[in-house]
Amino acid sequence: MRHDRHATDSGNRARTAYAARGALLTATALLAVGASAPAAARDVRSGDWLVLTVTRGDGARPGDTRGALLLCDPPRGHAHAAQACARLASAKGDIGALTPADGFCTMVYAPVTAHARGEWGGRPVEFTRTFANSCVLAAWTGPVFALD
């Protein structure tokens, strides 16, 4: 019996250490994205910019968050920068004012949280919304949060 308890304790410690390492890596990545974005934006000196992140699920597992710095004058820093900047320009930088595209998404609940902060038209931007799944996120925001 003692051997089984020792194996269980050892397994719990290994899982705890793995979770702690994952959380540390995630926090480091987020800090790197957050710290570099304002510095890069200051280097641009003008124009519209947003730090964008998408977190899948509850964000508890390492690697669930992706991020990008979107610069729009000229468009860069994002896989779909020109399209994302055009979509944002159509809403004057107000992500909450974007309207969904026509289409159908499954009713599977696999939450994704989109977050943006930065500056658009000289005004601060802060946006956070959790969508039911990545299809719903794409329908509402188009290329803006297409970080994959």
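The structure presented is a predicted model; accordingly, all values stated were derived computationally and were not measured.
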Indicate yes or no: at least one non-hydrogen side-chain atom of C135 is less than 4.5 angstrom from one of F104.
no
Give a yes or no on whether the backbone of P74 and the side-chain of R76 come within a donor-acceptor separation of less than 3.5 Å.
yes
Shortest non-hydrogen contact from P111 toward T130
CB-CG2, 4.0 Å
Begin from the C-alpha positions of I95 and L50 and carry the test side chain to side chain contact (heavy atoms under 4.5 Å, CB included) through to its verdict.
CA-CA 11 Å; I95 300 169; L50 296 173; 4.1 Å; yes
Just one of L147, T113, T65, T128 clears the side chain to side chain contact (heavy atoms under 4.5 Å, CB included) bar with T53, so which one?
T65
Answer yes or no: is there a side-chain heavy-atom contact under 4.5 Å between L70 and W49?
no
For residues A139 and R87, report the shortest heavy-atom separation together with the two atoms involved.
O-NH2, 4.2 Å
Backbone N or O of T106 within a donor-acceptor pair of the N133 side chain at under 3.5 Å?
yes
Over all heavy atoms of both residues, which pair between W140 and P100 is shortest? Give the atoms and the distance, please.
CZ3-CD, 3.3 Å
Which heavy atom in C85 sits nearest to a heavy atom in P75, and how many Å separate them?
SG-CB, 4.1 Å
On the 0 to 90° scale, with breaks at 30° and 60°, tag the H78-H80 ring pair as parallel, tilted or perpendicular.
perpendicular
Mind checking the NE2-CD spacing from H115 to E126? Nearest 0.5 Å is all I need.
3.5 Å
Minimum-distance pair of heavy atoms, taken over all atoms of D48 and G121
OD1-N, 2.7 Å
Distance col, row F145:CZ vs F127:CZ, nearest 0.5 angstrom, shows 5.5 Å
Can you list everything that forms a side-chain contact (heavy atoms from CB on, under 4.5 Å) with A91? Sequence neighbours excluded, please.
A97, L98
